[in-house]
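Numbering starts at 1 and runs along the sequence shown.
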Amino acid sequence: MPDYGRDLLFGAFITPVAAPAQQAVELVVTAEKAGLDLAAFQDHPYQPRFLDTWTLLSYAAARTSRIRLVPDVLNLPLRQPVVIARSAASLDLLSGGRLELGLGTGAFWDAIAAAGGQRLTPGDAVTGLEEAIRIIRGVWNAGDSAPLRVDGRIHRVIGAKRGPAPARDVGIWLGAYKPRMLRLTGEAADGWLPSLGYLRGGPVDLVPLNAQIDDAAAAAGRDPAAVRRLLNISGSFEATGRGLLQGPVTRWVEELTGMALEHGISGFILASDDAGAITRFGAEVAPAVREKVAAFRSGTAQGTTLEGTRTAREGEGLPRRNPES
């Protein structure tokens, strides 16, 4: 796949544990100090071990000044779209434009139903997400004085007032893997946010998935590069290489550079609750990857190939641990 030429983002995917209550917030502070761009949290409102994601995002925003915050991804079946829109706009305004909005169709349907959510078929869940995007963007369109009406099959809004608008254009990023979700991503989303651990073949699996997004974007009259490609990743820093994202910083740099240039990934979010790993990712890996990608883009990189990224292409030794999302 081509390099879409987007600026690179690096972040930390932090578990929103409820005990100790301050742990996730302190890790966000660590991520900001390390120079990372994003702090992300999974959203499982039925999970008593976790803090509520919106409350955590808001508290973390108040403890920081620069880092952007992302629900990765928001559990739509337990969150009403108009409320999502107003919550997102409010947090973006209060934080000075530091929110990105990750959305998903939902999973773990027994837990969702037990918490009072509607159990949906896979097809209806995608329909509901498509309708929710229309509703959220409609609420954000505060300049339109006409009441918002979306008479959907899953979500119906009959004359809701619009506003407030967020401080800036908040990106809507979708966690997507299957064809209809990938089409929706290309047609309507600002970003794609899968997890590397769910790709059985490793980064090479990004090729057909990216192609589906590109085709859908082009069919909708959009530039495929308008859809940012991000990736939740996991790994470990080791003295010697043992597999994909398992090795020294130099190996991480080569492999992430390969994913950026060969698969168009412009956002890497490290799943870790280890302050040392988060700091190393922000202070050592991110700057080196930015430098290396810039050198390839400008034609000043030493050599003409990405031989050092073989494991990133082939998924050799791919770690199977991946965040719950």
Given Leu57, which of Val28, Leu69, Leu51 fulfils the side-chain contact (heavy atoms from CB on, under 4.5 Å) condition? Leu69
In this structure, which one of Trp173, Phe13, Phe41 forms a side-chain contact (heavy atoms from CB on, under 4.5 Å) with Val70? Trp173
[X], [Y]: one ILVMFWY side-chain cluster at the under-4.5 Å cut-off?
X	Y	answer
Val150	Val83	no
Phe10	Leu245	yes
Met259	Val249	yes
Val170	Leu94	no

Determine yes or no for a side-chain-to-main-chain donor-acceptor pair under 3.5 angstrom, with Gln246 supplying the side chain and Glu238 the backbone.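 Such a contact is absent between Gln246 side chain and Glu238 backbone.
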Is it the case that more than 12 heavy atoms not belonging to Asp169 sit under 6.0 Å from its CG atom?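 No, not enclosed.
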Above 12 or not: heavy atoms from other molecules or residues under 6.0 Å from CD of Glu291?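 At most 12 heavy atoms, drawn from other residues, nucleotides or ligands, come within 6.0 Å of this atom.
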Walk me through whether Asp190 and Arg228 qualify under salt bridge (Lys or Arg N to Asp or Glu O under 4.0 Å). CA-CA 6 Å; Asp190 302 298; Arg228 179 184 285 280; over 6 Å; no
Is there a side-chain contact between [X] and [Y] (heavy atoms, below 4.5 Å)?
X	Y	answer
Met181	Leu129	yes
Ile84	Leu101	yes
Gln80	Arg86	no
Gln22	Tyr59	yes
Val227	Arg222	yes
Pro203	Leu244	yes
Leu193	Asp72	yes
Leu209	Pro194	no

Does the side chain of Thr127 pick up a donor-acceptor pair with the side chain of Arg180 at under 3.5 Å?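 Their side chains do contain a donor-acceptor pair, which is all the 3.5 Å distance test asks for.
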Classify the side-chain pair Arg162/Ser145 by whether it contains a donor and acceptor separated by less than 3.5 Å.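 Absent: no donor and acceptor within the cut-off.
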Mind telling me whether Trp252 and Phe281 have parallel, tilted or perpendicular rings, with 30° and 60° as the class edges? perpendicular
Check the pair Leu99 / Arg68 against side-chain contact (heavy atoms from CB on, under 4.5 Å), numbers first and verdict last. CA-CA 6 Å; Leu99 181 74; Arg68 288 148 70 179; over 6 Å; no
Would you call [X] and [Y] a salt bridge, taking side-chain N to carboxylate O under 4.0 Å as the test?
X	Y	value
Arg200	Asp205	no
Asp124	Arg153	yes
Arg79	Asp52	yes

Could you give me the CA-CA distance, side-chain angles and deciding distance for Leu256 and Val289, then say whether side-chain contact (heavy atoms from CB on, under 4.5 Å) is met? CA-CA 7 Å; Leu256 295 184; Val289 174; 4.0 Å; yes
For a side-chain contact (heavy atoms from CB on, under 4.5 Å) check, start with the C-alpha distance between Ile269 and Leu231, then their side-chain angles and the critical distance, and finish with the verdict. CA-CA 6 Å; Ile269 306 177; Leu231 194 63; over 6 Å; no
Salt bridge (Lys or Arg N to Asp or Glu O under 4.0 Å) filter on Glu131, not counting sequence neighbours, yields none
Could you give me the CA-CA distance, side-chain angles and deciding distance for Arg251 and Glu255, then say whether salt bridge (Lys or Arg N to Asp or Glu O under 4.0 Å) is met? CA-CA 6 Å; Arg251 184 181 181 117; Glu255 292 170 350; 2.9 Å; yes
Residue pair Trp140, Ile135: steps toward the side-chain contact (heavy atoms from CB on, under 4.5 Å) verdict: CA-CA 9 Å; Trp140 288 346; Ile135 292 168; over 6 Å; no
Begin from the C-alpha positions of Arg63 and Glu26 and carry the test salt bridge (Lys or Arg N to Asp or Glu O under 4.0 Å) through to its verdict. CA-CA 9 Å; Arg63 286 284 310 276; Glu26 294 302 329; 3.2 Å; yes
Would you mind listing every side chain to side chain donor-acceptor pair (under 3.5 Å) that reaches into residues 104-120, with sequence neighbours excluded?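 Sorted result for residues 104-120: Asp110-Arg119.
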Do Arg229 and Tyr4 form a cation-pi contact, if we require the NZ or CZ to be under 6.0 Å from the six-membered ring centre and within 45 degrees of the ring's axis? yes
